[in-house]
Amino acid sequence: MDAKETLLDCLAYYGIPVTRCEGDLVVLERGYSVEVESNGLYRLMSEGEVVAPFDDLEELSLFILNH
């Protein structure tokens with residue numbers, strides 16, 4: 001399983017809906033998107049602006065749910 005598939009599985013586990021996927025970018029509801037980087041990081045963006053990089057998918061998912 002690659003990093004994008006792992007991200008999609010984690011988002012599904014936490015019930016976070018995915019709007020669409022465009023290459024390494026996963027677009028979510030509420031203006032969020034996550035870019036899967038080749039170095040193992042997941043870059044969370046809100047309305048195109050970088051919020052923070054995450055290397056822990058559980059932490060990323062909980063951040064999305066709580067903000």
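Small disclaimer: the values here were computed from a predicted structure and weren't measured. This chain uses plain numbering: 1 for the first residue, then up along the sequence.
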So, do [X] and [Y] sit near enough that their side-chain heavy atoms are less than 4.5 Å apart?
X: Leu60; Y: Leu62; result: no
X: Val34; Y: Arg43; result: no
X: Glu35; Y: Val50; result: no
X: Phe54; Y: Leu41; result: no

* Cluster overlap Ile64 with Val27, hydrophobic side-chain contacts below 4.5 Å ->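 No.
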
* **Hydrophobic cluster membership, Met45 vs Tyr42, 4.5 Å side-chain cutoff** =>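 Each belongs to a different hydrophobic cluster.
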
* Partner set under side chain to side chain donor-acceptor pair (under 3.5 Å) for Glu49, not counting sequence neighbours ->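 Partners of Glu49 under the side chain to side chain donor-acceptor pair (under 3.5 Å) test: none.
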
* With no hydrogens and no angle check, is any side-chain donor or acceptor of Lys4 less than 3.5 Å from a backbone partner on Gly23? ->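 Here the side-chain-to-backbone pair exists.
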
* Donor-acceptor under 3.5 Å (Arg20 side chain, Leu25 main chain) ->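 The answer is no, because no donor-acceptor pair under 3.5 Å joins these two groups.
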
List, one per line, each side-chain donor-acceptor pair under 3.5 Å for residues 5-12, sequence neighbours excluded.
residue : atom : partner : partner atom : Å
Glu5    : OE1  : Asp2    : N            : 3.1
Thr6    : OG1  : Asp2    : O            : 2.9

* Which residue pairs pass the side chain to side chain donor-acceptor pair (under 3.5 Å) test with at least one member in residues 50-67, sequence neighbours excluded? ->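 Qualifying pairs, neighbours excluded: Tyr14-Glu58.
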
* To do: Considering non-hydrogen atoms only, spot the tightest contact between Ala3 and Val36 and give its length.
  =>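 Looking at all heavy atoms of both residues, the closest pair is CB-CG1, 3.6 Å.
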
